2 protein chains.
Amino acid sequence: MPSQPRPVQEIKEVFALPQLKAVCSNCSLRELCLPLGLTAEEMDALDRTIHQRIPVKRGATLFRAGDSFRSIYAVRTGFFKTCVSAEDGREQVTGFHMSGELIGLDAIGVERHGCDAVALEDCEVCELPFARLESLARDIPALTRHFYKLMSREIVRDQGVMLLLGNMRAEERLAVFLLNLSQRLAARGFSSTGFHLRMTREEIGSYLGLKLETVSRAFSKFQADGLLKVQNKYVELLDPVGLKNLLGGCASLQGQ
Amino acid sequence: MPSQPRPVQEIKEVFALPQLKAVCSNCSLRELCLPLGLTAEEMDALDRTIHQRIPVKRGATLFRAGDSFRSIYAVRTGFFKTCVSAEDGREQVTGFHMSGELIGLDAIGVERHGCDAVALEDCEVCELPFARLESLARDIPALTRHFYKLMSREIVRDQGVMLLLGNMRAEERLAVFLLNLSQRLAARGFSSTGFHLRMTREEIGSYLGLKLETVSRAFSKFQADGLLKVQNKYVELLDPVGLKNLLGGCASLQGQ
DNA sequence: CGGCAACTTGATCAGGGTCAACAATAGTGG
DNA sequence: CCACTATTGTTGACCCTGATCAAGTTGCCG
């Protein structure tokens, strides 16, 4: 499935209305996303570097591993997965990304994307051309710093996943996953206890280093223990504290 | 074991000789380390931001998780491990770091180190105070860009580890580990086929998500298969190609 | 030389992978 | 709107990889 054809930039230049131009300043995500901590003027400048909001249909790829790197993308609405694959077809989901989170940071180093980014539902992203972002950051120290922070946070997040993959048992992994999701949804004003999973059991399994059957069994176990109710993709956490207790004290499940 | 007392800066100010000041420009690692791609003048400026070379004794910690973040460190000589720990004591080695590699990038976001850095042999590091580095980078675009690259590369490296931990079997993991080590040593002018491991079986196991017995068994198996010769910490790769073939084509073992 | 940490190897066990059958759901086209 | 099909999810039975437990060896450092 090819990625959605992108509205060419000229269209924006011609038809752009004032309220369309001021992307970040009006965005409900500005406290979570890149603009965090910028002044009004700085945010205006950032707005001008944003090409356009791009719709990405469910199942479409925003970019693929190997694509040459031009832009970072901020998720505005919807839900993405990123995954790396080995030559033999083995696939590893490296992250799930929701609104306000940036995708593509791993590509800066080699100027080529190292993973695929796939929309798990109909999405909208803000494209941030890296060259412009870089020159803008030269004038706005706060932006550079925030950018450092976001990259650094990604590293911390990955370390948490490594701890999970290296040390935890199946049920612990799923508990961490659910609690993390819950927390991120809460930060966006959604319910932290009832939510729809956008990904399949197989994708959860890939992310957690488990097979889909194991994920399914762990869900059933949690349900039998009264920790949650699961019906299909809808999950209701009945006892978040009980879930946390499963971990015997692993608070390193922050990050995005 | 507390980290080595650090020579206070005044000592440098008073006794610094010209050849001690020009740290990076004379450093054999400048093609691997932070200065890569800088002009002579830019490198001079970078030299001035470097506090001092700090010796770290074997077993000492350079920093601990929770320490407030001041500096990034470049390994000049020696070998470090970084590890995160959960509250219940579970420890995960997140990386091994050799000369020319930077440690501490994960701390930028939260201004607090997220892992311990422990010297596995007597080491020397260059301390790069982040505040100075940041203001210097404002004047040297190439430095900023290179800094982005290094952070981004760290993210890519972590993704590779996630693939390893999520998908690979014990022997594959050890093969990836050995080939990666071999490659990094080669990049530094050391033999790519014969080398001393600086870490214990347990540390290798922690990094690879395996128990030390499993690591030991995998070594024995490789030796029985004629892939390598191992005596204690000394390893000689007899058949690197054979090792690679074990992987059925996972080239994603780059990174540091 | 003694004491301790690190390593090796064997025996046993269990967590989770694999294979398989089936059920439920969502997406498709008439 | 409904029927049909493909995808996704659930559950069971069995097996294998790697964990665990244990004993003994080697090498290192004081």
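In this text the structure is predicted, and so the values were computed from the model without any measurement. A note on names: the letters A, B, ... follow the listed sequences, proteins ahead of strands, and every chain is numbered from 1.
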Give a yes or no answer on whether the side chain of [X] reaches the backbone of [Y] with a donor-acceptor pair at less than 3.5 Å.
X	Y	answer
Glu203(A)	Thr200(A)	yes
Ser182(A)	Ser192(A)	yes
Arg173(A)	Met168(A)	yes

Nearest 0.5 Å, please: how far is [atom2] in [Y] from [atom1] in [X]?
X	Y	atom1	atom2	value
Cys126(A)	Leu29(A)	SG	CG	8.0 Å
Arg153(B)	Ile155(A)	CZ	CD1	12.0 Å
Ile204(A)	Ser216(A)	CD1	OG	10.0 Å

What integer distance in Å separates [X]:[atom1] from [N]:[atom2]?
X	N	atom1	atom2	answer
Glu172(A)	dA19(D)	CD	C1'	14 Å
Leu174(B)	dT17(D)	CG	P	17 Å
Lys229(A)	dG9(D)	NZ	C1'	17 Å
Tyr234(A)	dT10(D)	OH	C1'	21 Å
Asn232(B)	dC29(D)	CG	C1'	14 Å
Glu213(A)	dC15(D)	CD	C1'	14 Å
Asn167(B)	dG17(C)	CG	P	11 Å
Arg173(A)	dG16(C)	CZ	P	7 Å

[X], [atom1]: over 12 other non-hydrogen atoms inside 6.0 angstrom:
X	atom1	result
Lys233(B)	NZ	yes
Phe69(B)	CZ	yes
Glu121(A)	CD	yes

> Cation over ring, Arg198(A) on Phe96(A), under 6.0 Å and within 45°?
Replying inline: no

> Among dG18(D), dC29(D), dT20(D), which nucleotide sits nearest the side chain of Lys211(B)?
Replying inline: dT20(D)

>> I want to verify a distance call: between dG18(D), dT25(C), dG16(C), whose nearest atom is closest to the Thr214(B) side chain?
In response: dG18(D)

> Think Ser216(B) has a side-chain N or O under 4.0 angstrom from the OP1 or OP2 of dT8(C)?
Replying inline: yes

>> Please determine whether a side-chain nitrogen or oxygen atom of Lys233(A) lies at a distance below 4.0 Å from atom OP1 or OP2 of dT25(C).
In response: no

>> Heavy-atom nearest nucleotide on DNA chain C for Ala170(A) versus Val215(B): which residue maps closer to 5'?
In response: Val215(B)

>> Please list, in numerical order, the residues of residues 194-203 of chain B that have a heavy atom closer than 4.0 Å to any atom of DNA chain D.
In response: none

>> Just to be sure I understand the geometry, which residues of residues 217-227 of chain A put a non-hydrogen atom under 4.0 Å away from DNA chain D?
In response: Arg217(A), Ser220(A)

> Between the two end axes of the helix from dC1(C)-dG30(D) to dG30(C)-dC1(D), each built from 5 base pairs, what angle do you get to the nearest 10°?
Replying inline: 60°

> How would you label the contact of Gly209(B) with the nucleic acid (heavy atoms, under 4.0 Å): base, sugar-phosphate, or nothing?
Replying inline: sugar-phosphate

> Base, sugar-phosphate alone, or nothing: which one does Leu212(B) contact when heavy atoms must sit under 4.0 Å apart?
Replying inline: base

> Going by heavy atoms in the side chains, are Glu171(B) and Leu227(B) under 4.5 Å from each other?
Replying inline: no

> Is there side-chain contact between Val84(A) and Cys115(A), with at least one heavy-atom pair below 4.5 Å?
Replying inline: yes

